[in-house]
Amino acid sequence: MANKRNLNSARKADGVQARKSQATRRTILDCTIRCLIKYGYHHTTYIKISAESGFSRGAMRHHFPSRSDIMKATIEYLHEKRLAAFRKASANTQTNQNRVAQSIEALWQHVNHPMFMVFIDLALAARRDRELEAIFRPAQDTFRRECYYAALELFPEWLKRREELRTAIDLSLYMMEGMVLDNLSSNGESAKRLLGFMTQELDELLGGGEQSES
């Protein structure tokens, strides 16, 4: 009986320790994202992350032995957060309204989030850093696939026209990324004009799917 109590106590202690470790890792990753927003990839150092998180470098090395380890985990964590935000925006799209316009607006708000600028900075850095690219590229490919699957769920009538839908998704993402890099205001007239044009073009590209349902 005593051995069973000791075993249960040990399991409970292990569970508490695992949750504490997970919370610490999440705190470090959130602080790394904040540093990336503040300083950019090349100037986000182990020391700055330590200062931002409040953990000593020794404590951080218990979870992430090197800067490379932190960046790998941060990229995975960042893409998980981006995917969660994208899925939430897609789920809020009303099926009884213009889904193309709503989807464009949801994606535009998504790319104007500070976390997206972290993604842009990492994407540019990965072009010259093979180690970073090996971490970044698979996560980015996963995000693109999730965008595609979310669009298929939102527009099931285009299930047999997947190539057109994929083209529409790529066009939307690439155009909006360029708009953000050009520092267009999210509420500016130029952004509204371009988003309106994109909505019209996608409606035509997809064959007026909104009207075909009626």
Side-chain angles (χ1 to χ4, degrees), residues 29 33 36 41 71-127 129-130 132-182 184 186 191-214:
L29 296 178
I33 290 174
L36 288 167
Y41 171 73
M71 288 302 166
K72 181 177 187 300
T74 298
I75 289 170
E76 293 170 355
Y77 182 59
L78 176 64
H79 275 74
E80 287 175 8
K81 292 172 78 70
R82 288 186 67 209
L83 285 172
F86 182 81
R87 292 189 187 110
K88 183 178 179 180
S90 298
N92 288 336
T93 299
Q94 301 298 313
T95 57
N96 61 343
Q97 298 180 20
N98 188 323
R99 290 165 297 159
V100 172
Q102 284 189 314
S103 300
I104 291 294
E105 177 60 26
L107 187 57
W108 179 237
Q109 295 303 319
H110 176 70
V111 300
N112 276 278
H113 193 280
M115 280 195 302
F116 183 77
M117 297 313 299
V118 173
F119 153 76
I120 290 293
D121 190 40
L122 291 169
L124 293 174
R127 296 178 65 180
D129 186 326
R130 290 190 175 183
L132 179 61
E133 182 183 20
I135 300 168
F136 180 83
R137 188 57 54 193
Q140 173 62 358
D141 290 344
T142 298
F143 181 77
R144 298 282 185 181
R145 281 197 304 272
E146 288 295 327
C147 288
Y148 174 65
Y149 293 139
L152 280 178
E153 291 178 6
L154 186 59
F155 301 103
E157 68 273 23
W158 293 323
L159 188 62
K160 294 181 179 180
R161 303 174 58 199
R162 297 189 180 195
E163 285 308 309
E164 289 95 331
L165 187 58
R166 192 183 298 276
T167 298
I169 295 167
D170 289 343
L171 175 64
S172 302
L173 288 170
Y174 293 141
M175 183 172 175
M176 288 192 196
E177 288 170 8
M179 290 166 68
V180 170
L181 285 175
D182 202 34
L184 286 183
S186 60
K192 290 179 181 178
R193 174 172 51 81
L194 290 171
L195 293 175
F197 175 78
M198 188 189 306
T199 300
Q200 179 181 339
E201 291 299 306
L202 292 184
D203 267 329
E204 292 182 8
L205 175 66
L206 297 169
E210 297 289 314
Q211 287 76 22
S212 65
E213 290 184 308
S214 58

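- Remark: the backbone N or O of Met117 is not paired with any side-chain donor or acceptor of Asp121 at under 3.5 angstrom.
- At least one side-chain heavy atom of Ile75 sits less than 4.5 Å from a side-chain heavy atom of Leu132.
- Closest of all the heavy-atom pairs between Ile33 and Val118 is O-CG2, 4.1 Å.
- Within 6.0 Å of OH on Tyr148 lie more than 12 heavy atoms contributed by other residues, nucleotides or ligands.
- At a threshold of 4.5 Å between non-hydrogen side-chain atoms, the residues His79 and Phe136 count as touching.
- With a 4.5 Å cut-off on side-chain heavy atoms, Met179 and Leu195 count as touching.
- By the 6.0 Å and 45° rule, Arg82 does not stack over the aromatic ring of Phe116.
- A heavy-atom distance below 4.5 Å is not found between the side chains of Tyr174 and Leu171.
- Taking 4.5 Å as the limit, every side-chain heavy atom of Leu194 sits out of range of all side-chain heavy atoms of Met176.
- Applying the salt bridge (charged side-chain N to carboxylate O under 4.0 Å, His left out) test to pairs two or more places apart or on separate chains, none has a residue in residues 133-143.
- One distance of note links CZ of Arg193 with CE of Met198; it measures 12.0 Å at 0.5 Å rounding.
- Glu177 has its side chain within reach of Phe119: a pair of non-hydrogen atoms, C-beta onward, lies under 4.5 Å apart.
- Across all their heavy atoms, Ala134 and Pro138 have their closest contact at O-CD, 3.2 Å.
- Take Tyr41 and apply the ring-ring contact (aromatic ring centres under 6.0 Å, His included) test, not counting sequence neighbours, and it matches no residue.
- Interatomic distance, CD1 of Ile135 versus CG of Asp129, reported as 8.0 Å (0.5 Å rounding).
- Note that CD1 of Ile169 is 13.0 Å distant from CZ of Arg145, once rounded to the nearest 0.5 Å.
- Between Leu36 and Met71 there is a side-chain heavy-atom pair separated by less than 4.5 Å.
- Between Leu78 atom CG and Leu122 atom CG the span is 6.5 Å, to the nearest 0.5 Å.
- Closest approach of Ser172 to Leu107, counting heavy atoms only: CB-CD2, 3.9 Å.
- Rounding to the nearest 0.5 angstrom, the gap separating the CG atom in Leu29 from the CD atom in Glu76 is 9.5 Å.
- Residues Leu173 and Arg144 meet the side-chain proximity criterion, which asks for heavy atoms closer than 4.5 Å.
- Distance check, rounded to the nearest 0.5 Å: CE of Met115 to OH of Tyr77 gives 9.0 Å.
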